[in-house]
Amino acid sequence: MSTTKPDFSDPASVVKAFIHQMHCWEAIAGSLSTSAQARYRPDNGSTMHPEEVRLSKVLRQIPPFIVDIFLTKRDRASTPGGSYSYPPSYDTSTETVTRVIPKTKSQVIVETDRKTNYMGGLREYVVKKQGDVWLIDSVSVTISDKKMKIPLV
């Protein structure tokens with residue numbers, strides 16, 4: 001897994017770095033949550049142990065930083081709530097940039113192909129230039145020939 005510094009002057013680099021950051025966050029959140037549950041609730045009870053609650057609060061603080069770094073500054077329909085997939089749904093080894101489609105001087109579509117059974121296939125990240133950096137504005141996924149916007153974080 002590459003830890004290359006993102007190049008915010010390149011829309012494809014921004015999308016790749018965002019996917020990488022989301023992968024890292026989902027991996028650590030899932031791993032720590034699973035370990036905490038095994039430690040504090042080995043019987044798989046329905047009530048979280050206070051240490052699990054404390055851990056969850058810390059983990060939910062990370063997505064807003066990812067939003068601030070990689071996403072455009074605007075009101076969003078949903079705010080990051082700390083939801084993640086484990087194993088991670090974002091993964092640079094299964095989601096690769098296939099092409100960059102210029103729309104205007106300040107907007108491009110970065111197309112990716114996600115090779116997974118769940119929510120795999122074509123994705124279109126709308127990337128906009130804000131100031132002198134490119135930031136992700138939205139993402140659409142195509143499922144059964146139907147394109148729909150989905151939450152980024």
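- When side chains are defined from C-beta on, His20 does not count as touching Pro6, because their heavy atoms never get closer than 4.5 Å.
- Counted within 6.0 Å of CG on Asp145, heavy atoms from surrounding residues, nucleotides or ligands total 12 or fewer; the atom is thus considered open.
- Inter-residue side-chain proximity for Asn44 and Gln37 is flagged as met; some heavy-atom pair is nearer than 4.5 Å.
- Using cut-offs of 30° and 60° on the angle between ring planes, the pair Tyr125 and Phe18 is perpendicular.
- Minimum heavy-atom separation, Trp25 to Ile62: CD1-CG2, 3.2 Å.
- Tracing side-chain contacts under 4.5 Å through hydrophobic residues (I, L, V, M, F, W, Y), one never reaches Val126 starting from Val108; they form parts of separate clusters.
- For the atom pair CZ of Arg41 and NE2 of His49, the computed distance is 10.0 Å after rounding to the nearest 0.5 Å.
- With values rounded to the nearest 0.5 angstrom, Ser13 atom OG is found 10.5 Å from Lys5 atom NZ.
- Hydrophobic cluster membership is shared by Met22 and Val97, with clusters built from Ile, Leu, Val, Met, Phe, Trp and Tyr side chains linked at under 4.5 angstrom.
- Val15 and Ile101 sit in two unconnected hydrophobic clusters of ILVMFWY residues. Membership requires side-chain heavy atoms under 4.5 Å apart, directly or through other members.
- Under a 3.5 Å cut-off, the side chain of Glu95 and the backbone N or O of Thr112 do not form any donor-acceptor pair.
- The two residues Leu59 and Ser33 come nearest to each other via the heavy atoms CD1-OG, 3.6 Å.
- Between Arg39 and Glu51 no salt bridge is recorded (no basic side-chain N to carboxylate O distance below 4.0 Å).
- Atom CZ of Arg114 is separated from atom OG1 of Thr96 by 11.0 Å, given to the nearest 0.5 angstrom.
- Looking at Gln107, its side chain never comes within 3.5 Å of a backbone N or O of Thr104 through a donor-acceptor pair.
- Interatomic distance, Leu55 CG to Met48 CE, rounded to the nearest 0.5 Å: 7.5 Å.
- Ser35 contributes a side-chain N or O that, together with a main-chain N or O of Ser31, makes up a donor-acceptor pair within less than 3.5 Å.
- In terms of heavy atoms, Pro151 sits closest to Val139 at O-CG1, 4.5 Å.
- Going from atom CG of Leu152 over to atom OG of Ser138 covers 7.0 Å, rounded to the nearest 0.5 Å.
- Atom-to-atom distance recorded for Asp91:CG and Lys115:NZ is 13.5 Å, nearest 0.5 angstrom.
- No chain of hydrophobic side-chain contacts below 4.5 Å, direct or via other Ile, Leu, Val, Met, Phe, Trp or Tyr residues, connects Leu71 to Ile109.
- Within the 4.5 Å cutoff, no side-chain heavy atoms of Val127 are placed close to those of Phe70.
- Asp137 pairs with exactly one of Lys103, Lys129, Arg74 by the salt bridge (charged side-chain N to carboxylate O under 4.0 Å, His left out) rule, that one being Arg74.
- Side-chain contact check for Thr72 and Gln130: no donor-acceptor pair (N or O, by modelled atom type) lies under 3.5 Å.
- The hydrophobic cluster containing Ile150 also contains Tyr90, counting ILVMFWY residues as joined when their side-chain heavy atoms lie under 4.5 angstrom apart, directly or transitively.
- What you find for Pro63 and Val153 is that their closest heavy atoms are CB-CG1, 3.4 Å.
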